[in-house]
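Accompanying notes for the structure given below.
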Number of protein chains: 2
Amino acid sequence: MLGDRWSLLIIRDMMLRGARTYKEFLQCYEGIATNILADRLRKLIAYRIITTEPDPSDGRKLTYRLTAKGIDLAPVLTEMVLWAAAHEDTGNQALVEQMREDKEKFMAGVRQRWVSSPSLGRSPRSVAIPTPSF
Amino acid sequence: MLGDRWSLLIIRDMMLRGARTYKEFLQCYEGIATNILADRLRKLIAYRIITTEPDPSDGRKLTYRLTAKGIDLAPVLTEMVLWAAAHEDTGNQALVEQMREDKEKFMAGVRQRWVSSPSLGRSPRSVAIPTPSF
DNA sequence: ATATATCACTTGCGAAATGCAAGTAAAATG
DNA sequence: CATTTTACTTGCATTTCGCAAGTGATATAT
């Protein structure tokens, strides 16, 4: 279900980078192939981890959004990022520190940014952009 | 690095089922192919997540063991199991309850069971066997 | 109004990863 | 000394992946 190379990275990019459109996912630097991205988004929708809806301000765009089930993956992603930071690469050190110091606060931020998704402005303060490669 | 279908399942089987030998991994019911298992164990060793050493009591057997880096994946696995339990399947309900009620205690148990690995007896009390399919 | 650009994909195809069954070598057991 | 057990390897068919080049609908520029 999440046992492939890309699904969790897509969710991570949503949680940590605030990616919401197809194009943004493609640009998130790891370089997922466009056909694979379309396939994974379809499957994540089927699993009810994300949803999609048209952007009212631009008929071409679709906005992808985490469901409650998807938001519940925040603790998993948090632990993965912390593990990767401790043992592998050095992503965004500031965010990693914030996550380590107060996991709950970080996850609350993720939830707040995604439930009843407030238009597009990243509500409280946008979270910075680390890119650990777990 | 852990972005394939099997690596995390192997680690889960080590943490939750106490699997330590090639044969035990093969039997852990998901049905990994033998060549893939050999490949994944090799890679996990290369990544220093597990180690292997000969079993002194039986020259045919090898014992696989989590390194400190591998043990540090306990929080990730814990959150994954809890997520899967909440949203997908019903594995071992008792263990899931234990994990939810006291994550720290559960993870301490994992660490205790794997550091300086006490021969073979699962030290304190062996943890039961859930099999969530995240 | 028409041409161009953007967006979210799809299609085709070669390459790589996976799954399955059968085989092998070394050590243990009967 | 023959058979089992253990930890693999090998060969091959099938599936998945990655890349490049479309496609169709909508938006923007001239």
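Residue numbering restarts at 1 for every chain, and letters A, B, ... go by the order of the sequence lines.
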Verify, without hydrogens or angle tests, whether A:T67 (side chain) and A:R48 (backbone) share a donor-acceptor contact under 3.5 angstrom. yes
Quick one: do A:I11 and A:M15 satisfy side-chain contact (heavy atoms from CB on, under 4.5 Å)? Show the steps, please. CA-CA 6 Å; A:I11 294 164; A:M15 287 189 184; 3.8 Å; yes
Are A:R42 and C:dT10 close enough that a side-chain N or O sits under 4.0 Å from OP1 or OP2? yes
What integer distance in Å separates A:F25:CZ from C:dC7:C1'? 14 Å
Rounded to whole Å, how long is the line connecting atom CG of B:D4 with atom C1' of C:dA17? 10 Å
Quickly work out the A:L41 CG to C:dA8 P distance and round it to whole Å. 10 Å
What string of B, S and - do you get for nucleotides 22-30 of chain C 5' to 3' if you count protein non-hydrogen atoms under 4.0 Å? B----BS--
B:K69 backbone acceptor or donor facing A:W83 side chain under 3.5 Å: yes
Can you tell me how far C1' of C:dA17 sits from CH2 of A:W6, to the nearest Å? 15 Å
Would the distance check show the side chain of B:Y64 and the main-chain N or O of B:M14 forming a donor-acceptor pair, the cut-off being under 3.5 Å? no
When rounded to whole Å, the CG to P distance for the pair B:L37 and C:dT18 reads 13 Å
Which whole-number value in Å describes the distance from B:D39 CG to C:dA17 C1'? 9 Å
Checking the side chain of A:D4 only, and the main-chain atoms of A:S7 only, is there a donor and an acceptor separated by less than 3.5 Å? yes
Its 5'-most and 3'-most nucleotides having an atom under 4.0 Å from a non-hydrogen atom of chain A, DNA chain D is contacted over D:dC17 to D:dA27
What pairs with A:E101 under salt bridge (charged side-chain N to carboxylate O under 4.0 Å, His left out), at least two apart in sequence or on another chain? none
Separation of C:dC9 P from A:I32 CD1 (nearest whole Å): 13 Å
Donor-acceptor pair, A:Y22 side chain versus A:K61 backbone, under 3.5 Å? no
When rounded to whole Å, the CG to P distance for the pair A:D55 and C:dC7 reads 11 Å
Quantify the bending of the helix from C:dA1-D:dT30 to C:dG30-D:dC1 as the angle between its end axes, each fitted on five pairs, to 10°. 10°
Are any of the side-chain heavy atoms of A:L2 and A:L73 separated by less than 4.5 Å? yes
Got a sec, which residues hit salt bridge (charged side-chain N to carboxylate O under 4.0 Å, His left out) with B:R100, two or more places apart in sequence or on another chain? B:E97
Can you tell me if B:E24 uses its side chain to pair, donor with acceptor, with the backbone of B:R20 under 3.5 Å? yes
Of all residues at least two apart in sequence or in a different chain, which pass the salt bridge (charged side-chain N to carboxylate O under 4.0 Å, His left out) check with B:R5? none
